[in-house]
Structures are given as structure tokens and as C-alpha cells.
Amino acid sequence: MKPVKIGFLGFGTVGQGAATVLTRNAAEISRRIGQDIVVKSASVRNLDRKLDPLLGEVELTQDSESIVNDPDIDVIVEVMGGDEPARTLLLAAIANGKHVVTANKALVACHGADIFEAAREHGVSVAFEAAVAGGIPVIKSIREGLAGNKIQWVAGIINGTCNYILTEMLQKGREFEDVLEEAKALGYAEADPTFDIEGIDAAHKLTILASIAFGVPLQFEAVHIEGISSITREDTAYAQELGYRIKHLGMAIDTGNGIELRVHPTLIPERRLIANVDGVMNAVLIQADAVGPTLYYGAGAGAEPTGSSVVADIMDVVRVATASVDNRVPTLAFQHDALIDTQSIKSADFQTSYYLRILAEDKPGVMAEISRVLADEAISIEAIVQKEPVDDSGKLPIVLLTKRIAEGSMNNAITKLESLSAIEGNVTRIRMETLAGS
Ligand code: HSE
């Protein structure tokens with residue numbers, strides 16, 4: 001049978017990782033799909049780039065359009081990242097009748113609907129396993145393995161850079177900035193690392209997970225997004241003393257009255273498996289009605305782990321290429337005309353518990369003032385600890401854990417707390433989730 005020819009748009013870490021897996025495991029892959037797969041060409045910025053000899057003869061070009069217009073190429077793999085020219089090139093490839101595999105989470109989260117519609121029109125597949133949690137086959141698991149379930153919520157550590165920074169801060173007492181520099185040097189971070197530390201990368205991934213979990217349209221703009229830049233190493237240590245770990249979590253919850261989509265640092269009880277996912281690793285915990293909780297763990301970034309997902313997608317699109325569009329697994333897990341535009345819940349109505357850190361003067365009555373503000377908003381205190389001073393200012397950190405309350409009430413309480421003369425600076429607020437069921 002004629003080999004399947006692949007053209008890569010971009011050939012950096014992920015592209016070369018995928019090509020390495022394809023080449024090294026060529027015999028195994030051919031035995032699985034009954035066809036050979038050949039990497040024909042790749043577009044790069046720098047033509048002098050030296051490739052690993054294992055990759056054989058890959059034609060390098062600076063002209064991405066020549067790849068999407070090459071009639072000899074069956075599948076386009078887009079690993080260049082960003083909005084443009086990736087979007088235009090993918091649409092051109094689809095119009096030329098080529099299947100498309102992409103690792104581009106921003107593109108799928110923000111332009112997926114247009115790309116999928118174009119693919120339907122032209123009878124080709126779009127696959128994007130590598131866009132979420134790198135090497136973990138979580139999209140396939142939700143779309144196929146959990147297909148019989150009603151999914152109730154998804155909670156994921158889906159940004160390796162944030163997880164690496166929080167882990168180093170806790171385990172080695174390192175400062176945020178110092179660890180971020182290292183994460184950049186190690187190649188974990190996005191080209192623009194604010195995408196990682198401000199939660200945008202995780203929000204792109206959560207948008208995709210929520211859509212395939214609940215059968216709702218991709219809605220990046222509905223995600224409440226917070227990053228980790230306000231977390232201090234003291235917070236990671238205080239949380240640990242109270243029996244929790246701070247993780248940067250993406251959460252999609254079907255509340256029955258709408259869907260909560262949120263990305264933020266979160267205290268998780270340390271006895272949960274997901275609380276012990278450290279370093280650059282990712283994990284996604286899914287609560288579903290029939291199976292209960294399932295946890296998916298693995299490398300969320302890196303050349304061959306992400307390449308592993310790209311290769312599985314290539315094999316999938318080749319395998320189903322001869323099936324009619326209606327007989328393929330739907331791109332967003334549900335039939336495209338069965339997506340339901342369930343309302344997304346506004347952040348003021350989120351229900352969760354909180355960790356608060358307040359820097360207060362060391363004088364009688366301060367604790368009573370804080371308690372009164374919380375009581376006025378019907379916020380119930382679960383635990384309260386006064387810590388040693390962290391500097392010579394004479395101010396003491398007070399750490400509070402609260403019971404579940406609407407976020408709007410907590411916003412009111414924080415505004416009032418910050419206006420008290422005995423309180424210095426901003427109140428640090430970190431949400432807490434039990435993730436019960438895991
Ligand atoms: N910058 C991403 C991360 C890479 O840190 O998880 C994988 O998407």
C-alpha cells in the first residue's frame with residue numbers, strides 16, 4: 001500500500017519529537033495501521049538547521065504554503081503555535097483535502113469552531129490530542145473511553161511550568177522569579193511565559209477539555225483566569241502546614257445550573273493523588289457518573305511525550321480516512337449539531353472555600369475585627385492561624401480557611417478587610433477544593 005506522506009508546519013521541539021517517534025517506531029506503527037508513514041517535508045525559519053540523522057531525508061523549506069499545497073502530502077502536522085499564520089495555513093490545507101493534526105491549544109480554543117466546520121465541509125479530520133496535557137491521551141480518554149458517562153467535573157494540572165514553579169517554591173523554598181528563569185531555560189515555558197504564569201495556556205487547554213467533556217461550544221472568553229504570580233513561598237508553606245498543597249488548577253464543573261470554567265491556584269488536600277503531582281508533570285482528574293473518578297497522569301510537555309500524542313493522532317486520522325465523516329468519532333466528542341450552549345456561571349456566583357492570608361497589626365481586637373467582617377458576609381471560618389512575623393515591620397500574617405461561600409460574598413469581605421486600618425496591603429485569596437470523589 002502507498003505510504004502516507006506527512007508535511008510539518010514548524011519543526012521545533014515538538015515537530016522533531018514527533019518525527020523521531022515516527023521514524024524510530026516505524027515498523028511498530030506500520031504493524032498497527034497497515035501502512036507506512038513517511039515524513040516528507042517541514043517548514044522551518046532557519047534552513048541551516050541540522051537534523052538528527054535518524055530522521056533521514058526530510059525536505060526543509062521556509063515556504064509553509066508549498067507544504068499545504070503539495071498534492072503528494074496527505075496529512076499536515078501544525079506545530080508552529082500561535083494564531084497566524086497557523087490558522088490560515090490550516091484552513092488552506094483543509095481546503096486542499098488534507099487531514100490536519102495540531103498541537104496548537106490557542107488555535108483550537110479560539111478558532112476551533114471555524115476550523116472544524118471547514119474540515120466537515122471538506123470531509124477531512126482535525127486531531128489535537130497534543131494540545132492538552134502533552135503526552136497524556138486525555139482527549140481520547142474523554143471522547144472515547146468515557147463516552148458512556150455523564151461527566152460532572154474535570155480538574156487538571158495542565159500547565160507544567162506553573163506546576164514546576166509551585167513545586168520548587170514548596171520543596172526548596174525558592175523564590176518565584178528564580179524558578180521561572182530556570183523553567184524558561186529548561187524549555188518548559190511558552191514563547192511568551194506570561195501565557196504560563198498568568199494562566200492563559202491552562203485556560204486554552206481547559207476550554208478544550210470542557211467542550212469535549214460537556215458537549216458545549218469552545219468558549220475561551222468564558223473562562224475565569226488567574227495565574228500564580230501572587231503566590232509566595234510562605235503561602236505554599238502555610239498551606240502545607242494546614243494539610244494542603246497549592247496547585248494551579250483548571251476546573252470545569254457542570255453545576256446543573258450552568259458551567260463553571262475557572263483557572264486559578266487552588267489548595268487541595270494533600271491526601272489526594274493529584275495534590276502529589278509535582279514538577280513539570282500534568283494530571284487530569286475526571287469525575288463521571290458511571291465510572292466515578294479517573295485520574296490521568298504523565299508528561300505535559302517535552303519533545304517525545306508531546307510527539308507521542310501527535311503520532312497517535314496521525315495514526316488515527318489515517319485509520320479513519322476512508323470512513324464517512326458521520327462515522328468518525330466527533331471532533332468535539334458530541335455530534336456537531338448537538339452541542340448545547342449551556343450558560344457559563346459568572347465568577348461572583350462560583351461556590352468554593354478559601355484560604356486567606358492577611359497581614360495585620362499586632363494589637364488587641366484585630367482578630368475580632370476580621371471575624372466581624374467575615375460574619376457580616378455570612379462567611380464561616382474553618383481554621384485560623386497567626387504566624388510568626390516574616391520581616392521587621394511588626395505586622396503578623398494571619399491565615400484563615402473558610403467554609404464554602406459564593407465568590408461575590410468573599411469579594412465584599414475582602415474589600416472591607418482591605419479598608420481596615422489594622423490591615424496592611426492586599427488580602428491574598430486562594431480558592432480551596434476538596435476534589436471529593438478522588
Ligand atoms: N508551556 C506549556 C506548559 C507547554 O508549561 O505546560 C505544554 O503545553
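Treat the numbers as computed from the prediction; the structure is a model and nothing was measured. Numbers for residues simply follow the sequence, beginning at 1. One-based numbering, in listed order, for ligands and for the atoms of each.
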Q: Anything under 3.5 Å between a donor and an acceptor, one on a side chain of residues 399-406, the other on a protein residue two or more places apart or in another chain? List them.
A:
{"unit_1": "Thr402", "atom_1": "OG1", "unit_2": "Tyr354", "atom_2": "N", "d": "3.1"}
{"unit_1": "Arg404", "atom_1": "NH2", "unit_2": "Gln351", "atom_2": "O", "d": "3.0"}

Q: Just need the protein heavy atom nearest to atom 6 (O) of ligand 1, so name the residue and atom and give the distance.
A: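 Of every protein heavy atom, Gly160 N, 2.7 Å lies nearest to atom 6 (O) of ligand 1.
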
Q: Using a strict 4.0 Å threshold on nitrogen-to-oxygen distance, state whether Glu433 and Arg272 make a salt bridge.
A: no

Q: Do NZ/NE/NH1/NH2 and the carboxylate oxygens of Arg174 and Asp178 come within less than 4.0 Å?
A: yes

Q: Below 3.5 Å, can you tabulate the donor-acceptor pairs from side chains in residues 206-215 to any protein atom, sequence neighbours excluded?
A:
{"unit_1": "Thr207", "atom_1": "OG1", "unit_2": "Ala203", "atom_2": "O", "d": "2.7"}
{"unit_1": "Ser211", "atom_1": "OG", "unit_2": "Val216", "atom_2": "O", "d": "2.5"}

Q: For atom 8 (O) of ligand 1, what is the closest protein heavy atom, and at what distance to 0.1 Å?
A: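 Residue, atom and distance for the closest contact: Lys105 NZ, 2.6 Å.
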
Q: What part of Asp196, side chain, backbone, both or neither, has a heavy atom within less than 4.0 angstrom of ligand 1?
A: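 Only the side chain of Asp196 comes within reach of ligand 1.
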
Q: Please check if atom CD in Glu182 has more than 12 non-hydrogen atoms from other residues, nucleotides or ligands closer than 6.0 Å.
A: yes

Q: In the protein, which heavy atom is nearest to atom 1 (N) of ligand 1, and how far is it?
A: Glu190 OE2, 2.6 Å

Q: Give the residue and atom name of whichever protein heavy atom lies nearest to atom 5 (O) of ligand 1, and the separation in Å to one decimal.
A: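 Among all protein heavy atoms, the one nearest atom 5 (O) of ligand 1 is Thr161 OG1, 2.7 Å.
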
Q: I'd like to know if Glu407 and Arg262 make a salt bridge, using a cut-off of under 4.0 Å between side-chain N and carboxylate O.
A: no

Q: Does Gly300 reach ligand 1, in the sense of a heavy atom lying below 4.0 Å from it?
A: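 Yes.
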
Q: Going by the order shown, which atoms of ligand 1 are within less than 4.0 Å of some heavy atom of Tyr188?
A: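 Answer, ordered by atom number: 1 (N), 2 (C), 3 (C), 4 (C), 5 (O).
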
